[in-house]
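Report on the structure given below.
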Amino acid sequence: MLSGFIDNGDRKEPPRATVMYSPSQKLPLLQIADLVAYVAQRCAGAGYDPIDLKFKELNKIIGAEQIKIGIAPDGGIGINVPNASLEFRQNI
């Protein structure tokens, strides 16, 4: 995503992503999701100073699964989903 536009690869002008703001307070689960994402982001680029180590420890306590997205060998999008997530879906 660049400047609010999403390039879907068909060489046409892509639709613009509309940002929506809520005048009310966020729902509690959304606040938790924001916190987990913030901690994971801080941990991903962390070094070894005391604050970074605290974020790494907090990320370890949260224990959120990481889904990695990258370029597949055939040039498409590759998504690496942990086995624990796949096993959970099969048991439902």
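Side chains included, hydrogens not; waters and symmetry mates left out as well; all remaining heavy atoms used. Fair warning: this is a prediction, and the values are worked out from it, not measured in the lab.
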(request) Report the hydrophobic cluster partners of L53, with the cluster defined as I, L, V, M, F, W, Y residues connected by side-chain heavy atoms closer than 4.5 angstrom, directly or transitively. (result) Y48
(message) Could you check whether any side-chain N or O of K56 sits under 3.5 Å from a backbone N or O of G47, counting only pairs where one atom can act as donor and the other as acceptor?
(response) yes
(request) Assess whether atom CD1 of I61 is packed by more than 12 heavy atoms of other residues, nucleotides or ligands within 6.0 Å. (result) yes
(message) If hydrophobic clusters are built from ILVMFWY residues whose side chains come within less than 4.5 Å, do I51 and V36 share one?
(response) yes
(request) Using salt bridge (Lys or Arg N to Asp or Glu O under 4.0 Å) as the criterion, list what pairs up with K54, not counting sequence neighbours. (result) none
(message) Tell me the closest heavy-atom pair linking Q25 and Q31, and the distance in Å.
(response) NE2-NE2, 3.4 Å
(message) I want to check something: taking the side chain as every heavy atom from C-beta on, are R42 and N59 in contact at a cut-off of under 4.5 Å?
(response) no
(message) If hydrophobic clusters are built from ILVMFWY residues whose side chains come within less than 4.5 Å, do I71 and I67 share one?
(response) no
(message) Distance check, rounded to the nearest 0.5 Å: L27 atom CG versus I32 atom CD1?
(response) 11.0 Å
(message) Can you tell me how far apart CG (L58) and CG (L35) are? Round to the nearest 0.5 Å.
(response) 6.5 Å
